[in-house]
Amino acid sequence: MPSIKLLSPRLANQIAAGEVVERPASVVKELVENALDAGAQRVDVDIEQGGAKLIRVRDDGSGIAEDDLPLALSRHATSKIASLDDLEAVASLGFRGEALASISSVSRLALTSRTADREAASKVEVEGRDMDARLSPAAHPVGTTVEVRDLFFNTPARRKFLRTEKTEFNHIEECLRRQALSRFDAGFTWRHNQKVVQSLRPADSMVDRERRIGSLCGQKFIDNAVVIEAEATGLRLSGWVALPTFSRSQADLQYFFVNGRVIRDRLVAHAVRQAYRDVLYNNRHPAFVLYLDVDPANVDVNVHPTKHEVRFRDGRLVHDFIFRTLHKALADVKPDDHFRGAVAQSVNREAGAQAGSPEAQDAWARPGSPAHNPTSALFAGASGPLPTGDSSHYRAGSGADGWQARDQVAFYESLRQPVDSATDTLAPDPAYAAPALTSPVADGEEPPLGYAIAQLHGIFILAQGRQGLIVVDMHAAHERITYERMKRALDAQDLKTQPLLVPVSLAVSQKEAALAESHAAELSQVGLAVERLGPETLAVRQVPALLRGSNTEQLVRDVLADLSEHGQSDRVEAVIHELLGTMACHGSVRANRQLTVPEMNSLLRDMEVTERSGQCNHGRPTWTLVTLAELDKLFLRGR
């Protein structure tokens, strides 16, 4: 082995640059963060040749004093922290003091700045070859401009790994998009090869903020987004989450900020996925722009060189807060929330296009096959006559067109009437004559989902609403209603457990055995009795009654894996809900079931008061709106 030697400053900076400067977008990120930390209200970014030739960032911040300019390019030099106490409660975006030194070691860098108390500006220049700073006077307004030219000119091995100009600029634009989403109080402009790509003014009002979100994330996102605003236990969550019907094939529209810093965190991702679990179609990803404000002392931002990851002091508290906030917001979505986006544009039909998948096809019974009504002692109130809800939701009309709350009872009772095996239609009920296909004349405001006017092919309900034509997938809608009632019945009667006649023995690692032992009380709450028999052996003696026929060993291993990664597990609840969803699917009204207009109206009224009624248990949409404007366009009206 050769003798130990100190690295030269130049080589040490180039090694550090490998951590900080991965590509041109990394340079842009560091420079823009410095500008925002300096109090900039305006940030202009000029890019040439995807950042390989030029990156220029100009701001109107506080500037840097002339004497501090050479020091600003030194390693571990910063004005943002001075003691360990500052490091434990970092409130700025940058704090390590490595960015400018690392960037200057692999580029030709010029830094021009002026403070408010000086009449003239100063400029410092550094080239990666010798790292000698050259100071000179310059003309510049209050603020700072950083020019980075010929990135990686002295490290050819790094330069050859750069992608095409378009690809590199796409990474830069994504970086700038995140910064613009994090700071509504600042304006941003960026250009590529002298062409303006985006120009954003400061957004002070809610309207201006939503306009910026629409510009950066697409107008469809903001049209289909639910506003989040919640605060509890020292945490505050705000922002926008998309309706489940506006889902993505990739996780490419997910922005989460902690104290203004964009992060990618597994704990946060798990909480969001859990909130969308009941309403998102398979292999789809939610879209969101969320902001979490937390005491800086309760979050460690110094766990990753690029500061993309953080560590929360109380991760479980943060996870539960995010999950419960989003879960409630999605559950509270009503048809009127869907209409807000549907009037502006057609409701996204991506999920509906996948309705031909095997999972979705299983939801439909073939003509001639009787519907299966689940019976279980656990759901004494669900398998019998179902509750009718508050009769105030059902307003009586006049004459033969009127409908009343009793129609809802008739609807659910009709589901248990004899079925004609040849047509799978309901036996006629003499108590209810088919009314005329016109909407009732009711006092007060029209219900959000309007009034039923017809049934199409025994599959869809057509309703007339104030916004246009509403098309309801009657099986998917009734499936969600049944599922939510089963969940409420389960919560009301508590979870029933089933002791195993022969305990299931599991061979696990010592870490998993210790997890099971330390979380025994939590496992018991979800119906699992797990006992540690040895250093690497567990015995499962009790499971939830609904899961007595499931793969007990795999279930326990999955629960332990969740506990290891997230500190908690909702695996048992997820499996139980999956079973309830299957039962609700088989117990819901089937295709080719003929319904009367009062029965259809009863289903619409139930949808309006049921949580998550916009999606079935598989995540497919239960209804869509064709607006009057779309109908006019279809028939060329007004031309």
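Among residues two or more places apart in sequence or in another chain, the side-chain hydrogen bond (donor to acceptor under 3.5 Å, both in side chains) test is passed with D314 by none. With sequence neighbours excluded, the residues satisfying side-chain hydrogen bond (donor to acceptor under 3.5 Å, both in side chains) with E517 are R532. Contacts of N551 classified as side-chain hydrogen bond (donor to acceptor under 3.5 Å, both in side chains), with partners at least two apart in sequence or in another chain: none. With sequence neighbours excluded, no residue satisfies side-chain hydrogen bond (donor to acceptor under 3.5 Å, both in side chains) with K633. For K328, the side-chain contact (heavy atoms from CB on, under 4.5 Å) partners at least two apart in sequence or on another chain are D332. The salt bridge (charged side-chain N to carboxylate O under 4.0 Å, His left out) search around E231 returns none, not counting sequence neighbours.
Under the 30°/60° scheme for interplanar angles, the aromatic rings of Y291 and F257 are found to lie parallel.
Taking a cutoff of 4.0 Å between a charged side-chain nitrogen and a carboxylate oxygen, R480 and D606 do not qualify as a salt bridge.
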Applying side chain to side chain contact (heavy atoms under 4.5 Å, CB included), run through V241 and Y276 and close with a yes or a no.
CA-CA 10 Å; V241 295; Y276 274 88; 3.5 Å; yes
Stepwise salt bridge (charged side-chain N to carboxylate O under 4.0 Å, His left out) test for R557 and E553
CA-CA 6 Å; R557 291 189 186 278; E553 179 177 347; 3.2 Å; yes
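If you take CD on Q542 and CG on L500, they are separated by 8.0 Å, rounding to the nearest 0.5 Å. For the atom pair CZ of R266 and NE2 of H270, the computed distance is 11.0 Å after rounding to the nearest 0.5 Å.
With hydrogens and angles left out, the side-chain atoms of H327 and R612 include a donor and acceptor closer than 3.5 Å.
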